[in-house]
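Predicted model, so just to flag it, every value in this text is computed and none were measured. All chains are named by letter (A, B, ...) in the order of the sequence lines, taking the proteins before the strands, and each is independently numbered beginning at 1.
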Amino acid sequence: MASALLESLLDEDALRAAEAGVPAAAAAARHASAHAVLRDGLPRARDEAWKYTSLRALEQRRYANGDVDVATRAVDAGAFKLPGIDGARLVFVNGAFRADLSTLPVLDGLVTSFADDGAASLPLARDRDADSAESRAEAFVRLNVALAGPGLVLRVAAGVHIDEPVHLVFAGAAAEADVAWQLHALIEIGAGASLRLIEHHVAASANAHLGNLVAHYALAAGARLDLVQIQDAAAATTLIRRNGFRIDSDAMLSMHTIEAGAQTMRHDLCVDLAGRGARFVSRGVFALRGRQHADTHLVVTHAARDTASDIAWRGVADQRARGVFHGAITVAQGADGADAQLSNKNLLLSPQAEIDTQPALEIYADEVKAAHGATVGQLDERALFYLRSRGIPLDIARRVLVGAFCNAMFADLAPTPLRAHLEALLATRLPQAGAAA
Amino acid sequence: MLKIENLHVRVAGKEILKGISLEVRAGEMHAIMGPNGAGKSTLGNVLAGREGYEVTQGTVEYNGSNLLELEPEERAAEGVFLAFQYPVEIPGVNNTYFLRTALNAQRKRRGEAELDSMQFLKRVREKLAVLQLKDELLHRGVNEGFSGGEKKRNEIFQMALLEPNLAILDETDSGLDIDALKMVADGVNAMRAPQRAFLVITHYQRLLDYIVPDFVHVLADGRIVESGDKTLAHKLEEHGYAWIAERKLAGAA
């Protein structure tokens, strides 16, 4: 029997509406996806990849399927403006594009369009055996395929360099009912081209929506993507994201990620180092408090020779928050010369907080350089005493140390206003002055 | 200024200080010498307020009030400074930011106006010159990648900047070559003043050739077993700590 969540989203009217007016192949894909997710349901706690993130509470909730009045939602630009970022901006409110808030890029070699065939064209929607963990793991992609409105397509032509960052904003705004929105994006960067992109989740007003974003990135040979992800969604939201990356030969993906908002957050990053010399660098921080739950799930595959991955994430959990970091790297047979580095360090700031970290390395090639490590600890008492012995009060000393711990992940970003913004955002999520030790 | 009476301190269930009494008046330079494991560093740490040191007996009065009741940051604001034997590296916390935060937190607690960055930098430059520390160290993380000597000089630099009333130097001389030792001594001597007292903890007499103490105390097995003037340090250098143990035995007999 389908859960309340799926019943509320996948009723017959919704399915009919989703299949109407799209090409036959897309309609068929939507139909098949809806059918599959109704059949297999959401991931369960016993499914390994979802072991630490229970969806039982989510399954019991009912949502409105998209926001029909999205055009009328008041959104203050102050909610999403970033210092020093004044170029192209695409704003989505409750999952729907808002042209009135956006500044479309007018740049040679950058094409922005909206595909109305749902997410059917995404390489991420896969057929799986019915009623398996793998099949359930596809649930949110299937929901996306079944229901998503027009998807975003960004294409950078071969050899074109887009130096001014393109700012993608995903804003949640209060509606009459809690909304579930589905959105997909396809970003293609041509051979030798480069793009700077910011994926920015914000709250336009307090809300308890469910967001489901599926993005697929394709980096052609020699392409470069600099991606900054800032997740500062409203405190009561549930946010599910899957980012898939295919990186061809000598292409490079550099990412910086902050997970600071949302009540429940699951972020899947699937990186396929598909071509020889493909490189992936990821720096990330999650900073959680209250009863926040954030689950970052990184799966990297070295499929070709001389590929490199360099992943360093840090996590901080205060009060009753829970952080999960799963970093799995597979070096496939024949991917000799691969270099895989993974580090995840975490701080627990309260006895009730919890962080689960699982680095996993599987190597099937012969000549590989690989290292991985994960730690969960507390603030260094020696450092704390050192600061206090110089007159710095305990609460400030704690904030200084936690801030330094997190900010180290952005040390390789140029000291721009954007970097200062990231550090300031983190500072607001660290233990506040006067909070209990 | 500082009055320690019958101080007993336990660390991890083991009694380390076994009844220390010591009085330090403003303007005085006291040296605490003793063999390894005598409890010298414990004394410094307990005065600065480090956690994990349990005072089981005795009192410590500082300017007439109970020092042991104060948090470490309160002691700092009251003018107590500990130069660490092992200064802590804190990557990612900029040295300048750290020093300014510390100085202004102390000033705020004392009800003094905070220094703006111009005033602060002026003060920093004056003090840096004395210790021949490079400007560049200010831009690094606290003690991050400093050599052993740089760390120790940085401690004295911090002392110069914070201008404490009671400075406790915990084996600041250990691991220093002779040039660095002289710089540290110059830094300390430049700060000697009628209103300021020093407690210099050291294993070797060498430092005391450059920082001449008014009093020398020998700490052994958690007690002060001998006190005297600067000549005591020379006697120790000549005869070694075993000489004290023998005298103790002779005294007991």
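N94(B) does not touch chain A: none of its heavy atoms, backbone or side chain, sits under 4.5 Å away. With a threshold of 4.5 angstrom between heavy atoms, Y86(B) does not approach chain A through any atom at all. Contact of P164(B) with chain A is not made at all, since no heavy-atom distance falls under 4.5 Å. In this structure, the portions of A383(A) lying under 4.5 Å from any heavy atom of chain B include both its backbone and its side chain.
With rounding to the nearest 0.5 Å, the separation of CZ in F405(A) from CD1 in I90(B) is 14.5 Å. Rounded to the nearest 0.5 Å, atoms CZ (R390(A)) and OG1 (T101(B)) are 14.0 Å apart. How far CD of E89(B) is from OH of Y386(A): 10.0 Å, rounded to the nearest 0.5 Å. For the atom pair OG of S389(A) and CG of L47(B), the computed distance is 12.5 Å after rounding to the nearest 0.5 Å.
For chain A, the option among A105(B), A102(B), A48(B) with the highest count of heavy-atom pairs below 4.5 Å is A102(B). Contact count against chain A (heavy-atom pairs under 4.5 Å) is highest for P72(B) among A76(B), G92(B), P72(B). Ranked by heavy-atom pairs shorter than 4.5 Å toward chain B, the options D380(A), L384(A), N407(A), L387(A) are led by L387(A).
Annotation: F120(B), atom CZ; neighbour count of heavy atoms from other residues, nucleotides and ligands within 6.0 Å is above 12. Within a 6.0 Å sphere centred on CZ of R110(B), heavy atoms belonging to other residues, nucleotides or ligands number more than 12. No more than 12 heavy atoms of other residues, nucleotides or ligands shown are found within 6.0 angstrom of CD on E51(B). More than 12 heavy-atom neighbours from other residues, nucleotides or ligands sit within 6.0 angstrom of CZ on R224(A). K345(A) NZ: 12 or fewer foreign heavy atoms inside a 6.0 Å radius. Counting non-hydrogen atoms of neighbouring residues, nucleotides and ligands closer than 6.0 angstrom, the NZ atom of K151(B) exceeds 12 such neighbours.
Ionic pairing of E74(B) and R388(A) is not present here: no N-O contact between side-chain nitrogen and carboxylate oxygen is shorter than 4.0 angstrom.
Between F84(B) and F385(A), the angle of the ring planes lies from 30° to 60°, which puts this pair in the tilted group.
R75(B) contributes no side-chain N or O that, together with a main-chain N or O of G391(A), makes up a donor-acceptor pair within less than 3.5 Å.
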- prompt: Can you list the steps and then say if V400(A) with F98(B) is a side chain to side chain contact (heavy atoms under 4.5 Å, CB included)?
  reply: CA-CA 9 Å; V400(A) 165; F98(B) 156 65; over 6 Å; no
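Taking 4.5 Å as the limit, every side-chain heavy atom of E71(B) sits out of range of all side-chain heavy atoms of P393(A).
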